[in-house]
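Below is one structure; the comments refer to it alone.
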Amino acid sequence: MRILLIGDYATDVFVQGRCERLSPERPCPVFLPMASGSNAGMAGNVEANLRSLSPGIEVTTLYSENPSVKIRYVDKASNQHLLRVDTDPAPAHFPISRFLDAVNSGTFSAVVLSDYHKGLLNTDNMGAIADICDKRGIPVFCDTKAILSDWSRSITAIKINAKEYAAQLAANVKNPWDYCRNLIVTQGGDGIVLFAPDGSERYRAKHGDKDIHVYDTVGC
């Protein structure tokens, strides 16, 4: 199985250290770095998840040329984040010609769009990619922060979270499921809901243990 993944790439850097006192200059913690490490983030994390599904999955990636960097400073004792510093490159839109070159070079079982609203993907190029794939019978799966409309109708499944769902309603998109073939809404501790195009629930899953408290959502 070959999957084409297009999206915003980031390097996640974690700096672990001690935080044992406040600065005498300002009421802020003094951080003493001890160790650091990094891994692929955003679409890079999606790639890792896709590869983990099966050893037979081949993932072809089309990433932003200049990735974002997210540096997280973490208190080693509590594993709590103290600060995150982001470096985002100037936005550069993804050219459809780059997608056509890739999709014409081989057969893909699916296309995955990982849109973190960094400028690489937008409603124009995502809509064009979805229409091309629809004509070729290639399913498209999309995680996006964009407001759904006619551009997204050809997409097989779109995943948004509860905050992004609320943004759809605030933008007068009263029935977001009208604008894709399947709508998945993640709801944190309340699980996920899969909506059909008519608004009916095809599937709902809830977390079984309400007593688990999650404070680190990196990579969720």
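All values derive from a computational prediction rather than experimental measurement.
Here NZ of K159 is found 4.0 Å from CG of D143. Values are rounded to the nearest 0.5 Å. Atoms CZ and CD1, from F108 and I138 in turn, are 8.0 Å apart once rounded to the nearest 0.5 Å. A distance of 5.0 Å separates CG of D115 from CG of L121, quoted to the nearest 0.5 Å. For the atom pair H81 NE2 and R72 CZ, the distance stands at 6.0 Å (nearest 0.5 Å). Distance CD/E20 to CG/D75: 8.5 Å, rounded to 0.5 Å. Of the inter-residue distances, the one linking E201 atom CD with F195 atom CZ reads 5.0 Å to the nearest 0.5 angstrom.
In this structure the side chain of K70 reaches within 4.5 angstrom of the side chain of R84, judged on heavy atoms. Side-chain contact between V74 and N79 is present, with at least one heavy-atom pair separated by less than 4.5 Å. No side-chain heavy atom of L194 sits under 4.5 Å from any side-chain heavy atom of R204. For the pair P91/K118, no side-chain contact is recorded, criterion being any heavy-atom separation below 4.5 Å from C-beta on. No side-chain heavy atom of S114 sits less than 4.5 Å from a side-chain heavy atom of I6. The shortest side-chain heavy-atom distance between F99 and I132 falls under the 4.5 Å cut-off. Counting heavy atoms from C-beta on, the side chains of K76 and R18 never come closer than 4.5 Å. Within the 4.5 Å cutoff, the side chain of V112 has no heavy atoms near those of the L4 side chain.
Hydrophobic clustering keeps L113 apart from M1 (ILVMFWY residues linked when any side-chain heavy atoms are closer than 4.5 Å, directly or through intermediates). Placement of V185 and V173 within a single hydrophobic cluster is found when ILVMFWY residues are connected by side-chain heavy-atom separations under 4.5 Å, directly or transitively. In the hydrophobic cluster analysis, where Ile, Leu, Val, Met, Phe, Trp and Tyr join through side-chain heavy atoms closer than 4.5 angstrom, Y116 is grouped apart from L148. Linking Ile, Leu, Val, Met, Phe, Trp and Tyr residues whenever their side-chain heavy atoms come within less than 4.5 Å leaves F141 and I129 in two separate clusters. With hydrophobic clusters built from ILVMFWY side chains whose heavy atoms lie under 4.5 angstrom apart, I3 does not share a cluster with F94.
Listed here is the closest heavy atom pair of N66 and P89: O-CG, 2.7 Å. Across every non-hydrogen atom of V59 and R51, the tightest pair is O-NH2, 3.1 Å. Considering all non-hydrogen atoms of both residues, H117 and K145 come closest at CB-CD, 3.9 Å. Of all non-hydrogen atoms in G41 and D12, the two that sit nearest each other are CA-OD2, 3.3 Å. Shown here for I158 and S152, the closest heavy-atom pair between the two residues is CD1-CB, 3.7 Å. What you find for T156 and P139 is that their closest heavy atoms are OG1-CA, 3.3 Å.
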Would you sort out whether D150 and Y179 count as a side-chain contact (heavy atoms from CB on, under 4.5 Å), showing the intermediate values?
CA-CA 6 Å; D150 289 339; Y179 296 100; 4.0 Å; yes
side-chain contact (heavy atoms from CB on, under 4.5 Å) assessment of L120 paired with H93
CA-CA 4 Å; L120 183 74; H93 293 169; over 6 Å; no
Checking side-chain contact (heavy atoms from CB on, under 4.5 Å) for the pair N172/K174: CA distance, chi angles, key distance, verdict?
CA-CA 5 Å; N172 290 322; K174 300 186 184 304; 4.3 Å; yes
Determine whether S154 and D131 satisfy the following criterion, side-chain hydrogen bond (donor to acceptor under 3.5 Å, both in side chains), listing intermediate values before the conclusion.
CA-CA 6 Å; S154 298; D131 289 342; 3.0 Å; yes
Intermediate values then yes/no, side-chain contact (heavy atoms from CB on, under 4.5 Å), F14 and N39
CA-CA 9 Å; F14 295 86; N39 54 260; 3.4 Å; yes
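By the 6.0 Å contact criterion, CD on E65 is open, its count of non-hydrogen atoms from other residues, nucleotides or ligands being 12 or less.
Salt bridge status for D134 with R136: absent, with no side-chain N to carboxylate O gap under 4.0 Å. At a threshold of 4.0 Å, the pair R98-D101 does not count as salt-bridged, since none of the basic side-chain nitrogens sits closer than that to a carboxylate oxygen.
Judged purely by atom type and a 3.5 angstrom limit, T186 has no side-chain atom pairing as donor or acceptor with the backbone of G188. Within the 3.5 Å criterion, the main-chain N or O of S200 finds a donor-acceptor partner in the side chain of D198.
When only modelled atom types and interatomic distance are considered, Y63 and E47 share a side-chain donor-acceptor pair under 3.5 Å. Side chains of D8 and S64: no donor on one and acceptor on the other come within 3.5 Å.
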